[in-house]
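Take a look at the structure set out below.
Just so you know, these numbers use all the heavy atoms, side chains as well, and skip hydrogens, waters and symmetry mates.
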Amino acid sequence: MTDTTISTGSAGRTGAGVSTLKGRTGAGAPAETRGKTTVADGVVAKIAGMAAREVPGIHNLGGGMARAFGAMRERVPGGGGGGGVTRGVKVEVGERQAAVDLNVVVEYGVSIVDVAGDVRSNVISAVERMAGLEVVEVNIAVDDVRLPDEEEESEGGEGRVR
C-alpha cells in the first residue's frame, strides 16, 4: 500500500488555494475510490461461519469443549447468544487478504473430503464476494462426527437435567 504525504509548504501550490497532491483522488474520480474501507476480523469470521454451516454434511462448528461452553453461555441471560456463529472459526485479516481456520463436526456417512472441499469453496466465495478480500487459505479440522442416534440422546438428557 502506498501512503500519500501531504506537504504544507508552498512548493505544491499552483494557484489561489489549490494544491497538487500526487496520489489523491479528486471530485472527478469515481465515488468508490474515495476513501478506505476496512473489514473487521469479526465480520469475516461471521461470514465464514455462516458459509460453512450452509454446506450439507456440516452438523456444527467448534470442538466439543467450545460447543459445550457455547451452549452454557447461550442459556445465561446476557451471555452473548450471538457468539455461536463464530464458534469454531478463527480468521486472520490483512489489508487485502484473509486466512480462515475452521473446526467442524460432520454428519456420519458423508465424505469428509468432499464436504471439506465444498466448505472451502463456499467460504472462499462468500468472503471474497461480501468482504472483497482474497482468501489465501481455508484450513479445516474435523473434530467430531455426529452419529444418527446422538441427537435423541442429547435432547433426552437435557430434559432430565435440572
Side-chain angles (χ1 to χ4, degrees), residues 1-4 23 25 29-162:
M1 181 174 153
T2 59
D3 291 335
T4 304
T25 57
E32 61 270 9
T33 63
R34 299 184 206 176
K36 180 180 177 182
T37 303
T38 56
V39 180
D41 293 11
V43 173
V44 176
K46 284 183 179 182
I47 293 169
M50 289 300 294
R53 283 178 171 81
E54 291 173 353
V55 175
I58 293 293
H59 174 67
N60 209 339
L61 269 63
M65 289 303 288
R67 288 194 324 268
F69 283 125
M72 288 188 332
R73 198 176 314 119
E74 288 172 3
R75 290 188 182 130
V76 175
V85 175
T86 59
R87 187 180 317 131
V89 181
K90 181 180 171 233
V91 298
E92 292 180 27
V93 180
E95 288 185 26
R96 294 187 181 102
Q97 296 178 326
V100 180
D101 295 328
L102 298 169
N103 290 53
V104 301
V105 177
V106 299
E107 299 283 347
Y108 176 79
V110 299
S111 167
I112 293 173
V113 174
D114 291 344
V115 169
D118 292 345
V119 167
R120 273 191 191 89
S121 178
N122 208 37
V123 167
I124 290 169
S125 174
V127 171
E128 289 183 350
R129 177 177 49 83
M130 295 174 75
L133 296 168
E134 175 191 2
V135 179
V136 293
E137 65 181 4
V138 177
N139 300 310
I140 299 171
V142 179
D143 287 337
D144 201 358
V145 175
R146 192 199 66 121
L147 301 174
D149 59 344
E150 284 182 340
E151 188 172 52
E152 294 90 25
E153 287 177 10
S154 65
E155 286 177 4
E158 288 177 4
R160 285 177 274 200
V161 176
R162 299 203 185 238

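Within the 4.5 Å cutoff, side-chain heavy atoms of R53 are placed close to those of N60.
Expressed to the nearest 0.5 Å, how far CZ of R129 lies from CD1 of I124 amounts to 13.5 Å. Here CD of E95 is found 12.0 Å from OG1 of T37. Values are rounded to the nearest 0.5 Å. To the nearest 0.5 Å, atom CG of residue L61 and atom CG of residue N103 are 8.0 Å apart. Here D41 contributes atom CG and K90 contributes atom NZ; the two are 10.5 Å apart, rounded to the nearest 0.5 Å. To the nearest 0.5 angstrom, H59 atom NE2 is 6.0 Å from E107 atom CD.
Taking all atoms of both residues into account, the shortest heavy-atom contact from V89 to A48 is CG1-CB, 4.1 Å. Between L147 and Y108, the shortest heavy-atom contact is CD2-CD1, 3.8 Å. A pairwise comparison of heavy atoms in L102 and A52 identifies CD1-CB, 4.1 Å as the closest pair. Contact record, K46 with V85: O-CG1, 3.7 Å, taken as the closest heavy-atom pair. Annotation for G62 and V105: closest pair O-CG2, 3.7 Å, computed over non-hydrogen atoms. Residues I47 and A131 come closest through the heavy atom pair CD1-CB, 4.4 Å.
The main-chain N or O of V138 is found under 3.5 Å from a side-chain atom of R120 such that the two form a donor-acceptor pair. A donor-acceptor pair under 3.5 Å is formed between the side chain of E128 and the backbone N or O of V135. Checking side-chain atoms of N122 against main-chain N and O of A51 turns up a donor-acceptor pair under 3.5 Å.
None of D114, V100, V106, V55 except one satisfies the side chain to side chain contact (heavy atoms under 4.5 Å, CB included) rule with V119; the exception is V55. Of the residues listed (I140, V110, V142), the one engaging V115 in a side chain to side chain contact (heavy atoms under 4.5 Å, CB included) is V110, and it is the only one.
Surrounding CD of Q97 are more than 12 heavy atoms belonging to other residues, nucleotides or ligands, all under 6.0 Å away.
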